[in-house]
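Down below is the structure, laid out as structure tokens.
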Amino acid sequence: SIRSILVMMLRTVAVLAALIAVNTGSARRPDVDDRSPVPLSSVPARAGQCTMPLHPGQRTALFDITNVSAADVGACCLACQSTPACRYFEYETKTSPPRCWLKTSGQGPKTHDPTCTSGGITPTPGACVSDDDCSLCGTCSSSTHTCVCDRGFTGPNCELLNLASPLPCGSGGLCMHGERVGSNSGVNATTAVATWGGSVVSSPDFTSFHMYASMFQMNASLMGNNGSASWITNSDVVHAVASTPGGPYTPADIALGPRGRVFRDPNCSDKPGIPAKVCPVVQADDFWDAVTAHTPAAQRDPTSGKYLLYYMGTRQNRTNAKNGFPCLTNDNPPLPSDKAGGPDCQQRVGLAVADDPAGPWLRWDANGAHASTEQSTYILPPGKIGDFDSGFTNNPTPLVLKNGSVVLIYKGRAAQCPGCGAMRTGVATADTWKGPYVKQTSRTPMSIPQNCEDAAVYVSPLGYYRVIFHCGCNYLIAVSRDGVTYTAIGDPKPWCNVTYTDGSTEVLKRRERPQWVMGKDGLPTHLMTGVLGTTSHYGLVWTMAAQLL
């Protein structure tokens with residue numbers, strides 16, 4: 001009959017959907033799972049207290065470890081307590097027998113499911129049975145079963161950043177006062193006061209330290225003022241040098257900057273001073289990165305000795321000069337070639353290479369083949385429509401591993417609304433710095449609060465990946481064992497109330513762009529951040545250094 005045919009068709013569609021979900025790594029797990037439950041007797045013990053159900057009637061479909069046999073929700077919670085990596089559990093009664101899901105996190109999208117009860121595990125402060133209980137930011141002592149935190153972390157479970165008082169402007173970091181800086185890479189000389197964040201790479205013998213920071217031309221402010229251009233069309237990459245990792249750093253040259261023809265508003269006049277006025281750009285589209293070079297991140301490739309400078313570039317198109325979102329026009333379907341949204345929506349990630357930290361720097365193309373300055377293009381294009389990064393990619397943070405492979409963390413934004421207002425973080429990888437760079441997370445970006453961005457990453461001697469984000473005037477730590485999937489450690493913590501090494505205090509308006517400064521032992525010694533103070537440095541942004549304890 002027609003009814004029986006329809007039933008068979010619906011069953012076939014359901015089976016196909018389940019198979020597709022499994023084969024494509026969908027966050028949705030099928031209702032019937034073929035994994036065998038794990039007996040509780042085979043699960044090792046862990047330190048922690050069982051927190052009874054927190055989310056009755058909800059279900060999250062990410063971060064599964066396994067499922068175990070459990071008679072009730074209390075037994076499910078105890079099973080999570082007994083599993084080293086488990087931080088969250090779900091007890092489902094829709095199957096027979098009921099299933100207890102053990103998970104590394106309770107983050108991610110949740111759906112209402114009356115057959116499910118969820119809860120979490122609160123670790124016993126300071127107690128541990130594995131490095132997971134120490135947030136992967138320290139090691140678990142086998143003799144005392146307490147956490148021994150690595151440099152830079154503190155707290156009973158190594159869940160907190162451990163920073164000394166930062167160095168004030170002029171005593172450390174990069175704090176410019178109108179120095180005129182030239183270039184050997186074809187960029188026009190300029191004067192500057194404002195810098196924003198700083199990525200540091202050392203010489204092989206750790207006797208000199210080279211910082212690459214965003215530097216705003218002619219003392220312009222971060223966001224622009226009184227008709228002045230902002231960072232999006234007004235940033236160079238300055239190279240500064242110091243003999244110690246905390247600085248102070250002295251500007252040496254401009255590594256990267258605008259190229260090609262840059263036309264500014266003819267009805268506007270630049271005005272020097274503090275803050276200065278830099279006229280807006282109306283057209284600069286000879287190259288994909290014609291108008292700016294911003295958010296630099298430096299690495300030294302251990303296999304070739306090359307210095308690598310990742311950065312964000314953009315262009316300005318006269319016919320689509322407005323800024324804002326959504327990025328694409330109303331073409332149906334939308335075309336990737338659409339350039340609405342101005343320079344914001346044309347941000348891309350690029351790479352420049354040099355044999356010496358002082359340059360000269362050569363820009364490279366998306367395939368990793370050598371390219372001249374005139375021919376180079378970006379290495380990380382936007383994603384497809386529907387991806388979180390379909391609008392643009394920016395703010396690269398590379399990590400070059402000992403074998404020369406690269407983990408590249410970056411930001412992106414969707415091309416169309418809804419979703420165009422959310423900046424998300426993703427991961428790409430490459431076998432070498434030459435690429436190609438393969439996105440690992442275009443469909444499922446990092447599960448962190450959407451106001452957390454600007455990752456800095458390093459891998460510890462034990463192979464634990466550690467990332468720090470800024471979240472407004474807070475910071476967030478996330479960790480990973482594979483460099484791709486990260487778990488946030490707790491909630492964002494405040495860090496804008498500072499006491500400098502000279503005893504003075506300040507409440508910062510912004511503290512962003514964190515970057516680790518690595519030491520000989522494979523652990524960071526300092527943290528650089530871009531800051532905007534209430535009293536320091538003329539009210540302009542500068543790059544602050546703080547030692548890690």
Problem set entry | Derivation and outcome, side chain to side chain donor-acceptor pair (under 3.5 Å), residues Tyr464 and Asp150 | CA-CA 11 Å; Tyr464 303 148; Asp150 282 348; over 6 Å; no

Do side-chain atoms of [X] reach the backbone of [Y] as a donor and acceptor pair under 3.5 angstrom?
X      : Y      : result
Arg348 : Ile379 : no
Thr397 : Ala455 : yes
Gln299 : Val400 : yes
Tyr486 : Asp482 : no
Thr292 : Ser235 : yes
Asn157 : Asp133 : yes
Ser460 : Leu462 : yes
Thr441 : Val427 : yes
Ser390 : Gly383 : no
Lys103 : Gly120 : no

Indicate yes or no: at least one non-hydrogen side-chain atom of [X] is less than 4.5 angstrom from one of [Y].
X      : Y      : answer
His470 : Arg511 : no
Thr543 : Tyr249 : no
Asp356 : Tyr307 : no
Ile477 : Ser135 : no
Trp495 : Leu527 : yes
Leu309 : Leu256 : yes
Leu523 : Pro461 : yes
Pro382 : Arg413 : no

For this session: Only one of Thr295, Thr393, Asp389 passes side chain to side chain donor-acceptor pair (under 3.5 Å) with Tyr410; say which it is.
Result: Asp389

At their closest point, which heavy atom of [X] faces which heavy atom of [Y], and how far apart are they?
X      : Y      : value
Gly257 : Asp236 : CA-OD1, 3.6 Å
Ala213 : Gly197 : CB-O, 2.8 Å
Ser183 : Ile254 : OG-O, 2.8 Å
Pro514 : Ala456 : O-CB, 3.1 Å
Val201 : Ala298 : CG1-CB, 4.1 Å
Pro258 : Val187 : CD-CG1, 4.4 Å

Working to the nearest 0.5 angstrom, can you tell me the gap between [X] [atom1] and [Y] [atom2]?
X      : Y      : atom1 : atom2 : answer
Phe287 : Thr314 : CZ    : OG1   : 14.5 Å
Tyr475 : Cys496 : OH    : SG    : 12.5 Å
Gln515 : Met528 : CD    : CE    : 10.0 Å
Arg424 : Met446 : CZ    : CE    : 11.0 Å
Asn395 : Glu512 : CG    : CD    : 10.0 Å
Lys306 : Arg300 : NZ    : CZ    : 11.5 Å

Exercise. How are the rings of Trp516 and Tyr458 set relative to one another: parallel (under 30°), tilted (30 to 60°) or perpendicular (over 60°)?
Worked result: perpendicular

Exercise. So does Asp521 have more than 12 non-hydrogen atoms from other groups sitting under 6.0 Å from CG?
Worked result: yes

Exercise. Are more than 12 heavy atoms from other residues, nucleotides or ligands located less than 6.0 Å from atom CG of Asp431?
Worked result: no

Exercise. Ion pair present between Arg259 and Asp289, side-chain N to carboxylate O less than 4.0 angstrom?
Worked result: yes

Exercise. Does the distance from Cys158 SG to Cys149 SG come in under 2.5 Å?
Worked result: yes

Exercise. Quick check: are the SG atoms of Cys80 and Cys86 less than 2.5 Å apart?
Worked result: yes

Exercise. Would Ile232 and Gln316 count as a side chain to side chain contact (heavy atoms under 4.5 Å, CB included) if you check the C-alpha gap in whole Å, the side-chain angles of each, and the deciding distance to 0.1 Å?
Worked result: CA-CA 10 Å; Ile232 191 68; Gln316 175 66 292; over 6 Å; no

Exercise. Do Tyr212 and Trp361 have their ring centres less than 6.0 Å from each other?
Worked result: yes

Exercise. Do Leu351 and Leu308 pass the side chain to side chain contact (heavy atoms under 4.5 Å, CB included) test, and can you show the C-alpha distance, the side-chain angles, and the key distance before you say yes or no?
Worked result: CA-CA 7 Å; Leu351 170 63; Leu308 311 174; 4.1 Å; yes

For this session: Begin from the C-alpha positions of Asn474 and Lys493 and carry the test side chain to side chain contact (heavy atoms under 4.5 Å, CB included) through to its verdict.
Result: CA-CA 5 Å; Asn474 301 281; Lys493 314 282 190 311; 5.6 Å; no

For this session: For Asp454 and Lys411, run side chain to side chain contact (heavy atoms under 4.5 Å, CB included): C-alpha distance rounded to whole Å, both residues' side-chain angles, the deciding distance at 0.1 Å, then the answer.
Result: CA-CA 7 Å; Asp454 294 352; Lys411 288 197 315 185; 3.5 Å; yes

Exercise. Of Asp131, Leu136, Val467, Asp132, which is the lone residue that meets side chain to side chain contact (heavy atoms under 4.5 Å, CB included) with Val479?
Worked result: Leu136

Problem set entry | Partner of Tyr378 under ring pair (Phe, Tyr, Trp, His ring centres under 6.0 Å), chosen from Phe392, Trp364, Trp288 | Trp288

